[in-house]
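Scroll down for the structure; my scribbles are underneath it.
Chain letters run A, B, ... following the sequence lines, proteins first, then strands; residues in each count from 1.
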Amino acid sequence: MTPENLIWVAMLLPLVAIALVFIVGEKSPNIRESCTIGISVALFWVTTRLAGFVFSGGRPTFKLGEMLPGFEIAFTVEPLGMLFALVASGLWILTTIYAIGYMRGHHEKNQTRFYACFASAIFAALAAAFAANLFTLFVAYELMTISTYPLVTHHGDEKAKKGGRIYLGILLSTSVAFFMLAIAWTWTVAGTLEFTPGGILAQPNIDGKISDFQLSVLLGLFAFGIGKAAIMPFHRWLPAAMVAPTPVSALLHAVAVVKVGVFSILKVSIYIFGIDLISETRLGEGANPVMMSDWLCYLAGATILIASLVAMTKDNLKARLAYSTVSQLAYITLGAALATSDSVIGGGMHIAMHAVGKITLFFCAGAIYVGAHKTNISDMRGLGRAMPLTMGAFLLATLSIIGLPPGGGAWSKWFLALGTVQTGHFWLLAALMVSSLLNIAYLIPIPIRAFMTPIGETPMKFKEAPMMCVVPLCITAVGSVVLFFFGNEIYDVLLPIASSAR
Amino acid sequence: MTEILGLYNYWIVIFLMMTGFYIVIARENLIKTIIGLNIFQTSVFLLYITMGKVTHGTAPILKASHGGESHGVEHGVEHGAEHGHELHAAAEGHVDLGVDAVKEVYSNPIPSVLMLTAIVVGIATTALALALVVRIREEYGTIEEDEILEMDRNS
Amino acid sequence: MIEQLPVLVIVIPLMAAPLFVLIGNRKLVLLLTQLVCWTVFGITVSLLSRMQYGPISYELGGWPSPYGIVYSVDYLSAFVMLFVSGLAAIVITYAPKSIDQEVHHSKHSLFYASYLLCMTGLLGMCITGDLFNVFVFLEISSLSSYALISLGKTRRAPLAALHYLIIGTVGATFFLIGIGLLYQMTGTLNMADIASRLQAVESSRTMLVAFAFMTVGLFIKMAVFPLHTWLPNAYTYAPSVVTCFIAATATKVSVYAFIRLIYVIFTPQFAFERLPLDQALMAFSLVGIFVASTAAIYQTNIKRLLAYSSVAQIGYMLLGISMSNVGGLTAGISHMFNHALIKGGLFMVVGCFALRIGSLKLEDLRGAGKTMPLTSFAWVVGGLGLIGVPMTAGFVSKWLLLTSALSLELWPVAVLMLLSSLLAVVYIWRVVEILYFSPASHLAQTAKEAPMAMLIPTYIVIGSTIVFGCWTVYSAGIAQAAAKSLLGISQAGGIQ
């Protein structure tokens, strides 16, 4: 198959999954789930094939047609999007397997709807990853919001309703009020929305269609409009969405939804603004003009620290992980805002590293809930002996999130730190260091407490969750370590995105 | 002074229009409202009909000398259009133009014809409105609007 | 036969209506009404497909223009007629079960006759090129819609109809006064002829008065805020089927007449440069959007909620029209179409609820998502369209409006428009939460899913909002062609 065909095949597969899931329905859950797994494996295979082409320099393009006069739905695969698609499709397999164990272990209702919405979220993630222009990205972004709403409110009770309200309210209103406006503005000044290496806004800036200050405002509209990146103060939806079943939190809030957010921010800064434009545009007069994205850098830095501090206060494991995610997402936004070649590569890398690490942690949280019915960290004393695999995986993934070798996160944080040094933001370097310490403080005690408890206090009545739950989390935990040894390869793969075409 | 008196037809129209409109707005009794609506419409009939009148004009009945049938009607309409202009000139207080230049002067029949249609529409409206009032009266036992609203609020 | 198509659109339903009253057998009349509606729809489709060869002009009774009445079909009128007749056809297909329940059997044939007359009036307003004829058709559609509304089940229906009648007649009479003054100044009733003669008399005060009377008259029929007071009651107490049809089409046709008034009879220069109507329109639209959307949030009756939403949506159309460039006009015209589909579909959903639950109070709809899953899901999809989520028809018009506002650098308009669409999220999602997340009310608990005869037409309309959200060649594309021809920009060979 040509790479062009692979693109539409990849995006068609989740849609086929939706259709199959609905056709089979509640009648035979086994067939329904094997359909999902089969298709997710096929999808992963297709994306790896496609990755082969893209990483060796190909840029396959697939045009679907005009949705509106002058606005096209088109897909072009470049390394950053390819990496994201690989992560999303790879983790879809594991999450599906995990979800089977979890959902059955819990006797959840409406499982057909669950798997269908799941597949449509993957579809939206792929569409966003492959989007060739901002318009397509926006459509995929909104599709993601809508298709995940039923997942977030899966339980259908009062708590789910409140969580869903915050989720939809923040994501929809930021995207409509800021993101859409920013896209339309970009279109008005640049005349195109195509993702172009080197950006499309440099020329209008030279022509005087948009001033330096307006560029900064536009960047702000994008940064806040892409609410899924969870920059404070628009981060509340993420903890609110934790009312969802754990597999949803795992895939959507470690991989699909939040990563679409930060991915969009990276795309905008690299292909719409162009990192040269961001780093060279200075605001203010006098001896010390500031970078136009400086305010965003500091806001991201503040989000990193504040979210970590909030995470420390949370006793509920999922809530703690949620705030940890908010903090980790801000790393990627920071990478985009620093706009050096190392920082954007670091940001791109962190999409993969954090995804694998955080999904492991969520899997563990779910496995603990299924196996021991515990949600609060203070109750997890001694669980390590009862659930050694789960807690071991938790420890490995923790290393990656903190950024310690041999966790994959070490590399991405290293490149981000390089970026802060290159632009002279030493306060932000300090923030990164402090945040790593905070990560240690709020994550390490969990496995420590689980393992280092006197034998007498170990509650022996608990055992590991079903294999369907444990195997995926072990795979992802190992994966987060394996990624450490492939850091160099990922760097090479992402290098083209940082070299501007100018 | 002649400017004001010369436009007396418009004063009548405006007076009737405002009277009708006031009744529609101010009356609570549904029947009176409908009567007000009728007066309001009537003023528009007058507006049209008086605008069609050309000074010294007669009824627009064509003599045979004007040629073929269909041609004649076209001609008549053209006259109507022109007289529309003339009427306007007259209304602004100028001297009548071209009355003597044409042998026979016709009033413009079109506005009157239009009003026939409008009157039919008006009758239909009134009939429908009265029918509705009958139904309202059956349901509520009154045709005073404030009483009806009071009943709805309590129910 | 082919060249008679423009007049058949009017003649067929107009002749059928009295005939059906005479027939009187309600089953037969229903069948024939459906037949007539679909035939008319077919004719409008073929009229629109002819537009690529240029506009059609039909001289009624062979009287040459400008003396006789001319029916003229161009992109705009063909497009509006297409969706009016299309929705009329699909709504009447959907109707039987709902009418059975909501209208007394003895009145059925009268009902269908009025329905056809209403459609005739609306189509006539679109097709005619004669100004007085517009008034006549306006009154035909209005009178029949008053009658239709008064057939509602509750005792408030006749009162709502009477209020509408009084306000509507005042509006129509205003329009008539405007026509009279125009005739006085130009001596002709043919729209194109008036336009060509207007330049000579443009600066007189009579023209301003005529324009003002006609504008206000049409504003009343469009239910532009603050002249919208008749609309919520009329929509709420009318039978469900009537609400579907009237909400989807009647106000749009008045918007169409308004577009004609500004862009064909008067000129945008006259309306927007000599008079500051564009700023006034923007202000009215934005205030209307905010006030009506906020009012919709606080409603407890689902029909009234949608009625207020309709008032708000008219504002978006007027915003587009007031921009007087191709982008804005395209947005306005395509929103007429998109909103007709969305609102028609949503009212059809409401009709399903009315049939099975019997109440339209929000508290009685609680938990209906479980007992009526298909109907409730249709509400969600239609609601997303109303909000303007991508891949729905509502997004198309919102996006067009946004880009056109920004290209004119109307920043406050763009920002306010986006913010206002968030209000739609609130009122739509409030119902969604009631349907899905509330414990079932006793009425919803025992409700059955709506019958397929109603669900299928509903899903056709709701589904088309998705289709026209992803594929806009025949919605925004035609709207653009219509906008270009209105603004006198030459077309490069048909659509796209």
Side-chain angles (χ1 to χ4, degrees), chain B residues 13 17 20-21 24-25 30 33-34 36-37 40-41 43-45 47-48 51-52 70 73-74 76-78 80-88 91-92 108 110-111 113-115 117-118 120-122 124-129 131-140 145 148-149 151-152 155, chain C residues 62-64 66-68 114 130-133 135-140 142-144 146-147 149-151 154-170 172-190 193 197 200-201 204-206 213 233:
Chain B
V13 167
M17 194 181 284
F21 206 40
V24 170
I25 294 170
L30 294 176
T33 311
I34 293 168
L37 203 61
F40 183 63
Q41 286 178 311
S43 73
V44 182
F45 302 158
L47 173 75
Y48 270 75
M51 85 167 78
S70 86
V73 172
E74 267 174 49
V77 177
E78 265 175 83
E82 280 156 23
H83 288 311
H85 282 295
E86 281 158 22
L87 175 80
H88 175 64
E92 299 221 321
N108 187 348
I110 301 262
V113 174
L114 297 180
M115 279 315 101
T117 317
V120 172
V121 168
T125 312
T126 311
L128 182 60
L132 289 175
V133 173
V134 170
R135 272 195 59 194
I136 291 169
R137 158 93 205 209
E138 278 171 7
E139 300 279 2
Y140 291 88
E145 199 178 350
I148 294 170
L149 292 178
M151 286 163 80
D152 270 346
S155 68
Chain C
W63 295 103
Y67 308 117
S114 313
D130 182 282
L131 207 48
F132 191 77
N133 219 219
F135 165 75
V136 174
F137 280 122
L138 174 74
E139 281 294 35
I140 290 180
S142 303
L143 282 171
S144 45
Y146 308 144
I149 289 168
S150 72
L151 289 176
T154 59
R155 64 175 184 171
R156 297 189 194 198
L159 191 64
L162 186 67
H163 275 158
Y164 181 23
L165 181 143
I166 290 167
I167 298 176
T169 305
V170 169
T173 310
F174 272 14
F175 192 67
L176 187 61
I177 295 170
I179 296 173
L181 294 173
L182 263 186
Y183 179 71
Q184 197 169 21
M185 296 304 289
T186 61
T188 174
L189 288 167
N190 181 295
D193 208 27
R197 294 188 188 201
V201 289
S204 76
R205 194 179 297 161
T206 317
F213 268 118
N233 276 334

Separation of B:Leu47 CG from C:Ile179 CD1 (nearest 0.5 Å): 11.5 Å
Per-residue contact mode, B:Glu145 against chain C (heavy atom under 4.5 angstrom): side chain
Worked check of side chain to side chain contact (heavy atoms under 4.5 Å, CB included) between C:Leu181 and B:Met51: CA-CA 9 Å; C:Leu181 294 173; B:Met51 85 167 78; 5.9 Å; no
Interface residue of largest heavy-atom contact number with chain C, from B:Val133, B:Leu114, B:Val24, under 4.5 Å: B:Leu114
From B:Met115 atom CE to C:Phe132 atom CZ, the distance as rounded to the nearest 0.5 Å: 4.5 Å
Heavy-atom pairs under 4.5 Å with chain C, option from B:Val121, B:Ile34, B:Leu30, B:Thr125 with the top count: B:Thr125
CG on B:Leu132 to CD1 on C:Ile149, rounded to 0.5 Å: 10.0 Å
Reported CD-to-CG distance for the pair B:Glu139 and C:Leu159, which is rounded to 0.5 angstrom: 10.5 Å
Whether B:Tyr48 side chain and C:Leu176 backbone form a donor-acceptor pair below 3.5 Å: yes
Test log, rule side chain to side chain contact (heavy atoms under 4.5 Å, CB included), inputs C:Thr169 and B:Phe40: CA-CA 10 Å; C:Thr169 305; B:Phe40 183 63; over 6 Å; no
Proximal component of C:Leu189, with respect to chain B [non-hydrogen, under 4.5 Å]: side chain
Shortest non-hydrogen contact between C:Thr173 and B:Gln41, atoms and distance: OG1-CG, 3.9 Å
Residues, nucleotides or ligands: over 12 heavy atoms within 6.0 Å of B:Arg137 CZ: no
Inter-residue atom distance C:Leu162.CG - B:Arg135.CZ, 0.5 Å rounding: 11.5 Å
Contact origin within B:Leu37 toward chain C - heavy atom pairs under 4.5 Å: side chain
